Number of protein chains: 2
Amino acid sequence: MTDDSTLSALHGHGEKPTLRTLAQATGFSVATVSRALANDPRIAAKTRATVAEMAKRLGYIPDRAARRLRTGRTQVISLLLNTEHEFLGFTHEFLTGITETLAGTGYSVTVVPDSPGEDRIGPVRTILRNNLADGLLFTRTEAFDPRVRLLMEADFPFVSHGRTEFTAPHPWVDYDNETFARQAVAYLVAKGRSRICMVLPGDQFTFTQHLRYGFVSAAREAGIAHDIVPGVTLDSPTAAIAAALAEARRGPNPPDGYVCVGEVTALVALAALADTGAVHGVDADIVAKRASPIFDNIRPRIGTVFEDLRATGRAMAEMLLRRMAGEPPERLNRLFQPDPPR
Amino acid sequence: MTDDSTLSALHGHGEKPTLRTLAQATGFSVATVSRALANDPRIAAKTRATVAEMAKRLGYIPDRAARRLRTGRTQVISLLLNTEHEFLGFTHEFLTGITETLAGTGYSVTVVPDSPGEDRIGPVRTILRNNLADGLLFTRTEAFDPRVRLLMEADFPFVSHGRTEFTAPHPWVDYDNETFARQAVAYLVAKGRSRICMVLPGDQFTFTQHLRYGFVSAAREAGIAHDIVPGVTLDSPTAAIAAALAEARRGPNPPDGYVCVGEVTALVALAALADTGAVHGVDADIVAKRASPIFDNIRPRIGTVFEDLRATGRAMAEMLLRRMAGEPPERLNRLFQPDPPR
DNA sequence: TGTCCGAATTAAAACGTTATAATTCCTCTA
DNA sequence: TAGAGGAATTATAACGTTTTAATTCGGACA
């Protein structure tokens, strides 16, 4: 019961403790120890307590590789990280929310690069095929996103950042971009603006449609001139966006209101104003979504709406845990509401 | 030689192929197949070719869990992610550089949150003790960083972002912050500035000392007044930094030059100028390090130095691979040189 | 013709779990 | 007192690798 190896384990000098160590130390079999640690009710309560105490004393931690090999569960959650574009601070806040939530759950988070120009479905295929994770998180969801389709077919747990237009339900977390756009337009209207414009993300993303719809219908309802800046998207090089905005300012009726989804675009718009001698708050107003605290320090102050991406990350991670625990997808979704611009 | 299971495997309908599948398909034993795939010279060249071809045909991929269990190698690299503070875009760029470099090497990248106020060594202990990774990357290195000490003792591969003052060599990647500070001072001197100030990161970080030394000695050599803004660090809440900078402007001799290490600080400084009616380029100049392209669009334009954090991430990942391959630490270090401010 | 050698291959064990299918052993009933 | 029933525990196999220690099998040599 207390042979050499047990003793050395007790004194912490020995090797990493395994179930066998615990079995030797307690006098039970490996099978019983395993069950006891899993709190199997078929094991006597007293035995469970004994084993638990010894496990704690020896600092036993189950071996991930062994468990993974045996059960097929990886204890890994993968995040597809867009390597090209980000709103400022997006990755940091989002990832922090995810890792914060998953810390202590036994899941580890792996980051897989996802180059947008290239095959978006390849990394997902690899993960499915090689069983590299138990769940998946990703962003920049498209209306008929092939990743969503594949994952639904494979019945693999995931949460998308952004909705799709598939009829079958799946878990998602999204931000109410239509309402954001409506509120942004209302903000500009309240400032007396009547010729507003907006730079949109690429057409393939679902949230682009929400933004467009909110922007266009709110502007129509207000009866003001409105324009989607042509030829560029949020992901265009900033120089191209700058050129497009400068071009717009040279026309006979330059815009007097800007709805900006990203912070960089807002800065570009501000620069476009400054570079053409226009004064923010006098000749035009800007309202933007922000993910970082940076705009508190931008002068002139523009109207901003804060999107809490850390909370988004947390929500997605929590939802994925619930999905992996077997909850059906129907009710697993959450739409974050924007505060009005300030 | 081509029984049912082989056939189904060949047609891709079957289960995930394992060494046993390959063994059945080729007629060799599992042991031979394993060796052949490892290119063991003791296996006949012809056999190796046969096995390799079959592996490719069936899309065989070794099981990570099994390999990890058997060899003890995890095929995982962990990154300690600071959850509290970041320069804008730091996390995104840095992480992208790392994942880019590691894609295709068979290593996966896990992110572990590292809360700075708390125990910095705990996550490292956990990783070592539970064998959760084969290598470690981290940032915000301190002069006598306890993580570095522990990892050196354990002879565990790692690369720190930032140097230490330990005598024993270890792999690191750093940015020449002393030179950055000197160049920044020179830039302000060239603008005719004579009362410059700087907000530093916390004293515990090694790079803070480099910044301070570069700033102070360059200012002394130039014979101009210089001041470290007291009571706040880069990690202070921006409101506190803003208050400290505003306070400094109220004095009889407000600063006319600002050296900013982070982008947020630079914006705060700009705001402080604007809020006190001072004009950038006339009453004062600002020079800042930037990690994102954002400053191209800030008006007024301030002097900036670009720190390429994606390249930093790549360099650290590459260095870690070399360290894990057994290269000694002596020559594994790299100091990125700043370009002069523009 | 028997023996030895080396090249090529393989059987088997092990890594640390979990799950299936026994096996104890005690108590209760007829 | 035999047998059934059930609670508690355990032996064993398996997950897919790698590696140690055989084993096979020609051919070279005496």
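Chain letters run A, B, ... following the sequence lines, proteins first, then strands; residues in each count from 1. On a predicted model such as this, the values are computed, not experimentally measured, just so you know.
Going from atom CZ of Arg20(B) over to atom C1' of dA14(D) covers 10 Å, rounded to whole Å. Per the geometry, NZ belonging to Lys46(B) stands 19 Å off P belonging to dA7(C), to the nearest Å. Protein atom CG of Asn130(A) is 19 Å distant from nucleotide atom P of dC15(D), rounded to whole Å. Following rounding to the nearest Å, Arg67(B) (CZ) and dA14(C) (C1') show an atom-to-atom distance of 17 Å. Rounded to a whole Å, the CG atom of Leu69(B) is 9 Å from the C1' atom of dA14(C). Spacing between atom CG of Asn39(B) and atom P of dA8(C) amounts to 14 Å, rounded to whole angstrom units. We find that CG of Asp40(B) is positioned 13 Å from C1' of dT10(C), with the value rounded to whole Å.
Side-chain atoms of Arg147(B) and Asp114(B), non-hydrogen and from C-beta on, do get closer than 4.5 Å to each other. Counting heavy atoms from C-beta outward, Thr21(B) and Tyr60(B) have side chains that stay 4.5 Å or more apart.
Thr71(A) comes within 4.0 angstrom of the backbone, heavy atoms only, and of no base. When heavy atoms are screened at a 4.0 angstrom cut-off, Thr18(A) is found touching the sugar-phosphate backbone but no base atom.
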Self-check item: Contact letters for nucleotides 4-10 of chain D, in which S counts primed atoms plus P, OP1 and OP2 and B counts the base, heavy atoms under 4.0 Å
Solution: -----BB
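Identified under the salt bridge (charged side-chain N to carboxylate O under 4.0 Å, His left out) test for residues 102-112 of chain A, with sequence neighbours left out: none.
Look at Arg163(A) and Asp174(A) and you find a salt bridge, because one of the NZ, NE, NH1 or NH2 atoms lies within 4.0 Å of a carboxylate O, short of that distance.
Geometric assessment of Arg334(A) against the ring of Phe336(A) yields a positive cation-pi assignment under the 6.0 Å and 45° thresholds.
Residues passing the side chain to side chain contact (heavy atoms under 4.5 Å, CB included) test with Val112(A), sequence neighbours excluded: Ser78(A), Leu80(A), Thr110(A), Pro123(A), Ile127(A).
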